[in-house]
J.: 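Below is the structure I would like to discuss, written out as structure tokens.
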Amino acid sequence: MSTTIKINQAAHHVGQDVALTGWVQKRADKGKLQFITLRDGSGAMQCVVFKKNLPEEQFDAARHITLESAVRISGGLRAEPRAPGGYELDATAFEVISRAADPYPLAPKRDGGEHGTDFLLNHRHLWLRDPRQIAILRIRATLIKAIRDWLDGHGFTLVDTPIITPAAAEGTTNLFATKYFDEPAYLAQTGQLYSEATIGAFGRVYCFGPTFRAEKSDTRRHAMEFWMVEPEMAFTELDENMEVIEQFVSYCIQTVLAQRADDLAVLGRDLTHLQNVVPPFPRIHYDDAVKLLHANGYPDFPWGEDFGAPHEDAISAQFDKPVFVHHYPRAVKAFYMQPDPERPETVLACDLIAPEGYGEIVGGSQRMHDYQVLLDAIDAHKLPREAYEWYLDLRQYGSQPHSGFGMGLERVLMWLGGLPHIREALPFPRLYRRYYP
RNA sequence: UCCUGCGUAGCUCAAUCGGCAGAGCGACCGGCUGUUAACCGGUUGGUUCCUAGUUCGAGUCUAGGCGCAGGAGCCA
């Protein structure tokens, strides 16, 4: 039997007899000639099945094979300019491993018509085989590796934080509740508070995993389960936090651009905006962001309110790179953020807003490091002191100014790939009113 | 949760004023040795989302419900 090779290794096997195993992606019936495009996970290759080149029953099997059947095709591999991909297999053997049921629900519509969103999501387990979805998830994998490579290379230690937690970081309304045996428990919506503990051991840390928010947010930017990377740095103030963010984000974008150009091309992504993403990023104070809104379509926007999606878009439209907005009003931000000593009605926070209307991709801040300030904040937000005892305790043993940020993986992936909706950024998205399959 | 729109064949959608349920694609059968979303001929295909109502007659009108899409709020 011929050696089985992966399709992306075709260049090393030209002129040899090889076998391919994979799924039938496309078929064109020309009578005594069949074109079968096989997908094997590494790529896709067109196989040419001539009636005269293989036993009659094998030719008939090939002629009537169904889309997405699992098959093994053997034959001579050669370079072929007429074939998509540049290589082609001249089949001399065709073996059906598993014939797919008929019809394949997601068969391409030749008239240019498209399947509806609901239908596609109900068939997500099969939709994942679509070339566009494959490209997106390969970019996702590369992005994850870039994130980890940069952090690992800049003194950050990966320290995992728990998913099952006893209390909320920011109140219990947005948490998925579960049981820890007989006690109430919640799925983590952030690992940040735990990372503030682990910096005491490692100095610079990050956690990176799924987070859960039971918000009834039904928008293109929200998933109930999403991945977030949260670096945290001891002895670090707001300005340095922003410097780290822009270096980190730029590296991630440029790495994907360099390594996944082929997949970005499948998505039809215009790369000019992304090539522009290099430090430094513009930084504007919240005061100036409000003035910017006044001059660009929102003359009545009041100082003190948080930005909605239209406001973020209006701000980002003024820049050709991601833009920082810093020093937000304290009232719209989380309880643990450090107030600005000069203007205590604002906090040392920074959000990074992506270009092209992709919204906030990073939220960061300097954290409260003074015991009494933090205790007052917990009381002011009517949070249960008992649940935050350990968090407060951190302020009694070597407390110091420290900062960190969270970056939403899927938000960045949407921006990178030019995706219209977050549902394509996760293999099995959990959306408001959907957790199947 | 609010606003707007939609729900008809496996999929995407038509159906005039309330008057016989339609097309393309898919699938199946046949033809074709260079297809790239092939082409040609034939076949197959229906609880018109559910419930109640108006009417001689409802896919179409009314009420309620369910589901989906887009937007908003909230957030990453």
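Each chain gets a letter, A, B and so on, in the order the sequences are listed, and its residues count up from 1.
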J.: Would you mind classifying the nucleic acid contact of A:Glu88 as base, sugar-phosphate or nothing, using non-hydrogen atoms under 4.0 angstrom?
T.: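 Contact class for A:Glu88: base.
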J.: Taking N and O atoms by type only, does the side chain of A:Ser217 place a donor or acceptor under 3.5 Å from a partner on the base of B:C75?
T.: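 Side chain to base: no pair below 3.5 Å.
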J.: Whole angstroms only, please: what is the NZ-C1' distance between A:Lys109 and B:A38?
T.: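 It works out to 18 Å between those atoms.
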J.: Check for a donor-acceptor pair, side chain of A:Asn241 on one end and backbone N or O of A:Gly404 on the other, with a separation under 3.5 Å.
T.: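 Yes; at least one donor-acceptor contact below 3.5 Å.
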J.: Show every side-chain hydrogen bond (donor to acceptor under 3.5 Å, both in side chains) that has at least one partner inside residues 24-35 of chain A, sequence neighbours left out.
T.: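 For residues 24-35 of chain A, and leaving out neighbouring residues, the side-chain hydrogen bond (donor to acceptor under 3.5 Å, both in side chains) pairs sorted by first residue read A:Asp29-A:Gln34.
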J.: Below 3.5 Å, does any donor atom in the side chain of A:Gln34 face an acceptor in the base of B:G34, or the other way round?
T.: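 Donor-acceptor pair under 3.5 Å: no.
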J.: Aromatic rings A:Tyr391 and A:Phe335: how do their planes relate, parallel, tilted or perpendicular, breaks at 30° and 60°?
T.: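 Geometry flag for A:Phe335 against A:Tyr391: perpendicular rings.
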J.: Applying a 4.0 Å non-hydrogen cut-off, can you work out what A:Gly116 is touching in the nucleic acid: base, sugar-phosphate, or nothing?
T.: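 Here A:Gly116 touches the backbone only, sparing every base.
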J.: Go through B:C11, B:U35, B:G31 for me and flag the one nearest to the A:Arg63 side chain.
T.: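 Of all the options, the side chain of A:Arg63 is nearest to B:G31.
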J.: Between atom NE2 in A:His222 and atom P in B:G73, what is the gap in whole Å?
T.: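 Distance check: A:His222 NE2 to B:G73 P gives 10 Å.
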J.: Partner of B:A14 by Watson-Crick or G-U wobble geometry, both contacts under 3.5 Å, or none?
T.: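 The base-pairing partner of B:A14, which may sit in any strand shown, does not exist here.
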J.: Reckon A:Lys52 touches a base, only the sugar-phosphate, or nothing at all at heavy-atom distances under 4.0 Å?
T.: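 If one applies the 4.0 Å heavy-atom cut-off, A:Lys52 turns out to touch a base.
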J.: Using centres under 5.5 Å plus planes under 30 degrees as the test, is A:Phe226 stacked with B:A76?
T.: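 Yes, aromatic ring over the base.
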J.: Counting only side-chain heavy atoms from C-beta out, which of B:G70, B:A76, B:G73 sits nearest to A:Met228?
T.: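 Nucleotide nearest to A:Met228's side chain: B:A76.
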J.: Between B:U44 and B:G7, how far apart are the C1' atoms? Round to whole Å, please.
T.: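 Rounded to whole Å, the distance is 25 Å.
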J.: Report the residue (A:Asp313 or A:Tyr432) whose heavy-atom-nearest nucleotide on RNA chain B is the more 5′ of the two.
T.: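 First, find each residue's nearest nucleotide; the 5'-ward one identifies A:Tyr432.
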J.: With a 3.5 Å cut-off and heavy atoms only, can you find an N or O donor on one side and an acceptor on the other between the side chain of A:His115 and the base of B:C11?
T.: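 When only heavy-atom distances are counted, A:His115 does not reach the base of B:C11 through any donor-acceptor pair under 3.5 Å.
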J.: Please set out all donor-acceptor pairs under 3.5 angstrom arising from side-chain atoms of residues 115-128 of chain A, sequence neighbours excluded.
T.:
residue: A:His115; atom: NE2; partner: A:Ala107; partner atom: O; Å: 3.2
residue: A:Asp118; atom: OD1; partner: A:Arg434; partner atom: NH2; Å: 2.6
residue: A:Asn122; atom: OD1; partner: A:Arg434; partner atom: NH1; Å: 3.1
residue: A:Asn122; atom: ND2; partner: A:Asp118; partner atom: O; Å: 3.3
residue: A:His123; atom: ND1; partner: A:Phe119; partner atom: O; Å: 2.8
residue: A:Arg124; atom: NE; partner: A:Pro427; partner atom: O; Å: 2.7
residue: A:Arg124; atom: NH1; partner: A:Gln133; partner atom: OE1; Å: 2.9
residue: A:Arg124; atom: NH2; partner: A:Leu426; partner atom: O; Å: 2.8

J.: Give a yes or no on whether a donor-acceptor pair under 3.5 Å exists between the nucleobase atoms of B:C28, that is its base, and the side chain of A:Asp102.
T.: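 Answer is no: no donor-acceptor pair is held.
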J.: Judged by each residue's nearest nucleotide on RNA chain B, which is more toward the 5′ side, A:Pro105 or A:Phe307?
T.: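 Closer to the 5' end of RNA chain B: A:Pro105.
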J.: Report yes if a donor N or O on one partner sits less than 3.5 Å from an acceptor N or O on the other, where the partners are the side chain of A:Arg411 and the base of B:C75; otherwise report no.
T.: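 In this structure, the two groups form a donor-acceptor pair.
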